[in-house]
Amino acid sequence: MLQVKRIREDKKSIVNGLRKRNWTAQQIKVLDDILKADDERRALQKHIDDLLAENKRLSAQIGQLMAQGKRDEAEKIKSQVAAHKESLRQLEERSDEVKKHLEGLLYTVPNCPHRSVPKGKSAEDNKIFRDWTKPFPSLPPDALAHWDLAKKYNLFDFELGVKLTGAGFPVYRGKGAKLQRALIQFFLEENIKAGYEEILPPHLVNEDTARGTGQLPDKEGQMYVCERDGLYLIPTAEVPVTNLLRDAIVPERDLPIRYTAYTPCFRREAGAWGAHVRGLNRVHQFDKVEIVRIEHPERSYKALMEMVRHVQRLMTKLELPYRILLLCGGDMGFTSAKTFDFEVWSGAQQRWLEVSSVSNFETFQSYRLQLRYRDAEGKIHLAHTLNGSALALPRILAALLENNQTPEGIRLPKSLHKYTGFRMIS
RNA sequence: GGAGGAGUGGCAGAGUGGUUGAAUGCACCGGUCUUGAAAACCGGCGUACUCGCAAGGGUACCGGGGGUUCGAAUCCCUCCUCCUCCGCCA
């Protein structure tokens, strides 16, 4: 959520940002509605506070009069207070309406893209930040897509998943299951080496937590809900991990705070099914290792690049052809100020698959989370939050299987050997 | 799941209807003293919203929400969490 204060003080840059997200002049007018609603909110608040202050004073007087036995005078003041209370009731009712309205408006405004974010309407306008320049792996003419390789080597099974749960819940087995576990281990170890503290969070979260990172109310339809208990299945580790510091004030010297977490991710993906979703390209439950960073505002963009380089190293160690995209305003997520996407080349499908998204949210999340830090002078500021996948497993697995297939079997990259215990799937 | 007890500032812990945003201690920050440190002493030390150029005000918050009252940390209702006992159980 954007801070109203920022809209008030720096409307011009926000307007520019929204234009990058292809907002029309008509849409941008919501900023004026927000300022208007906030003006009303403040005026009401002032009025309410003044009346409350008056009542407080009068109540103290009543206390004194009672103590002195001046009942009549006390009664007179009581009626005065009663009159104020009636006004207060009305003012508070109106104030609640205005606040709700204001919040509703604020929820519709996405984060303001950083000035380095390119304009653009869709994925086609994303800038290639780093391209793959080497030749792609040469595959045999009868190269199989990962879903066929899975059958051939008995690595995972969608039909069984349907039997147990439904479409999009694969059952991994044998070397497929072990490879999955090895990847998780590999990612976690690499992240820990890079200074991230490992977190193993709950996979179900309450409403406050879902609200903290903006899953509620924005993406309610994307989450699985346990209605009876008021809990949500996490769509990403970002949710529980970033919320660790909800309502917290950390000392400046503790920054940056770096977390990494493996969790399964549950996504309803309502309405997202169509072309290109075969096999592991899109599923309802998948595994992901996430990195989260809480940063000083002055260093968050440096941190973003560090995270990009870190994910890059992971890709290199996995020996996978990849490219990095700098997302344009039109393709960026609602909450992000700047995002880099990583795509891996799927040799058999002959297409790029997104495997990581690394973003700086600046204060968009921390405002709602009330995640702050205290500087050397004791002043409190909102921290910047960043996160990225390092990495999401299914498409990495797909690319590993497809790109490394040989007549003898599937060859695994060296960095994984110590985690898998085998070098080939055959 | 059943019975009982408890939730107060970073921590410990007073406070059961009237100027208590909250005693006291510890921790922390600044100062005096000291060659330095410790001890001792003095002072400071919550967050959010809001008014003000500022100095400085105002309001709210004692697990969450609601209620009673002129007035609530204090009384009532409800939910949550923790502890003890019973039951169940990996």
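Since we're looking at a predicted model, the values are computed, not measured.
B:G64 atom P lies 17 Å from atom CZ of A:Arg211, rounded to whole Å. Distance NE2 (A:His47) to P (B:A60): 15 Å, rounded to an integer number of Å. Regarding A:Leu51, its CG atom lies at a distance of 12 Å from the P atom of B:A60, rounded to whole Å. Here the C1' atom of nucleotide B:A60 and the CG atom of A:Asp50 are 14 Å apart, to the nearest Å. Following rounding to the nearest Å, A:Asp229 (CG) and B:C79 (P) show an atom-to-atom distance of 15 Å. Across the protein-nucleic acid pair, A:Asp254 atom CG and B:G10 atom C1' stand 13 Å apart, rounded to whole Å. Between A:Arg253 atom CZ and B:C29 atom C1' the separation is 12 Å, expressed in whole Å. In this structure, the CE atom of A:Met66 is 14 Å from the P atom of B:U69, given to the nearest Å.
Classification of A:Arg89 and A:Glu93 as a salt-bridged pair holds, one side-chain N sitting under 4.0 Å from a carboxylate O. A salt bridge between A:Glu40 and A:Lys36 is absent, with no side-chain N of the basic residue lying under 4.0 Å from a carboxylate O of the acidic one. Classification of A:Arg57 and A:Glu54 as a salt-bridged pair holds, one side-chain N sitting under 4.0 Å from a carboxylate O.
Applying the side chain to side chain donor-acceptor pair (under 3.5 Å) rule to pairs touching residues 160-175 of chain A yields nothing, sequence neighbours excluded. Residue pairs meeting the side chain to side chain donor-acceptor pair (under 3.5 Å) criterion with at least one member in residues 5-19 of chain A, sequence neighbours excluded: A:Arg8-A:Asp38, A:Arg8-A:Asp39, A:Asp10-A:Ser13, A:Lys11-A:Asp32, A:Asn16-A:Arg19.
Comparing the P positions of B:G13 and B:U8 gives an interatomic distance of 9 Å, to the nearest angstrom. B:A14 and B:G66 have their C1' atoms separated by 28 Å, with the value rounded to a whole Å. Taking the C1' atoms as reference points, B:G15 lies 38 Å from B:G87, given to the whole Å. For B:G58 and B:G65, the P atoms lie 24 Å apart once the distance is rounded to whole Å. Comparing the C1' positions of B:U16 and B:G30 gives a spacing of 38 Å, expressed to the nearest Å. Across the P atoms, B:C62 and B:G21 are found 12 Å apart, a figure rounded to whole Å. The separation of B:G44 from B:A27, taken at their C1' atoms, amounts to 14 Å, rounded to a whole angstrom. B:C75 and B:U81: their P atoms are spaced 23 Å apart (whole Å).
For A:Val250, the side chain to side chain contact (heavy atoms under 4.5 Å, CB included) partners are A:Leu245, A:Leu255, A:Ile257, A:Tyr373, not counting sequence neighbours.
Between A:Lys78 and the phosphate of B:U69, there is no side-chain N or O to OP1/OP2 separation shorter than 4.0 Å.
Across all strands shown, B:A38 has no partner, as no Watson-Crick or G-U wobble contact with both distances under 3.5 Å is found. Figure legend. B:A55 is base-paired to no nucleotide; pairs are counted as Watson-Crick or G-U wobble with both atom distances under 3.5 Å. Pair assignment for B:G7 gives B:C80, based on Watson-Crick or G-U wobble hydrogen-bonding distances that are each under 3.5 Å. Pairing of B:G43, defined by two Watson-Crick or G-U wobble distances under 3.5 Å, is identified with B:C29. Across every strand in view, B:G1 sits in a pair with B:C86 that passes the Watson-Crick or G-U test at under 3.5 angstrom. When both distances must be under 3.5 Å, the Watson-Crick or G-U wobble mate of B:U16 does not exist.
Within residues 83-97 of chain A, the residues approaching RNA chain B are A:Lys85, by heavy-atom distance under 4.0 Å.
With contacts defined as side-chain heavy-atom distances shorter than 4.5 Å, the pair A:Leu18/A:Pro110 qualifies.
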- Note on the structure: Its contact letters, B for base, S for sugar-phosphate only and - for none at protein heavy atoms under 4.0 Å, make nucleotides 43-50 of chain B read ----SSSS
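Residue A:Ala60 is out of contact with every strand shown, counting any heavy-atom pair closer than 4.0 Å. Among the protein residues, A:Ile62 comes within range of the nucleic acid bases, having at least one heavy atom under 4.0 Å from a base atom. At a threshold of 4.0 angstrom between heavy atoms, the contacts of A:Gln64 include nucleobase atoms, whether or not backbone atoms are also involved.
Residue A:Leu52 is the one, among A:Leu52 and A:Leu58, whose nearest nucleotide of RNA chain B lies closer to the 5' end (criterion: closest heavy atom). Residue-to-nucleotide proximity on RNA chain B shows that, of A:Ala53 and A:Gly63, the 5′-proximal contact is made by A:Gly63.
Using modelled atom types, one side-chain atom of A:Gln27 and one backbone atom of A:Thr24 make a donor-acceptor pair closer than 3.5 Å.
Residues A:Phe340 and A:Phe129 place their aromatic rings such that the two centres sit under 6.0 Å apart.
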Anything under 3.5 Å between a donor and an acceptor, one on a side chain of residues 297-315 of chain A, the other on a protein residue two or more places apart or in another chain? List them.
unit_1   : atom_1 : unit_2   : atom_2 : d
A:Ser300 : OG     : A:Asn360 : ND2    : 3.0
A:Ser300 : OG     : A:His384 : ND1    : 2.8
A:Tyr301 : OH     : A:Glu362 : OE2    : 2.4
A:Glu306 : OE1    : A:Arg293 : NH1    : 3.3
A:Glu306 : OE1    : A:Arg293 : NH2    : 3.1
A:His310 : NE2    : A:Asn191 : OD1    : 2.6
A:Gln312 : NE2    : A:Tyr322 : OH     : 3.3

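Between A:Phe169 and A:Tyr224, the ring planes lie tilted relative to each other; the angle falls in the 30° to 60° range.
For the residue pair A:Gln349 and A:Glu402, a side-chain donor N or O sits within less than 3.5 Å of a side-chain acceptor on the partner.
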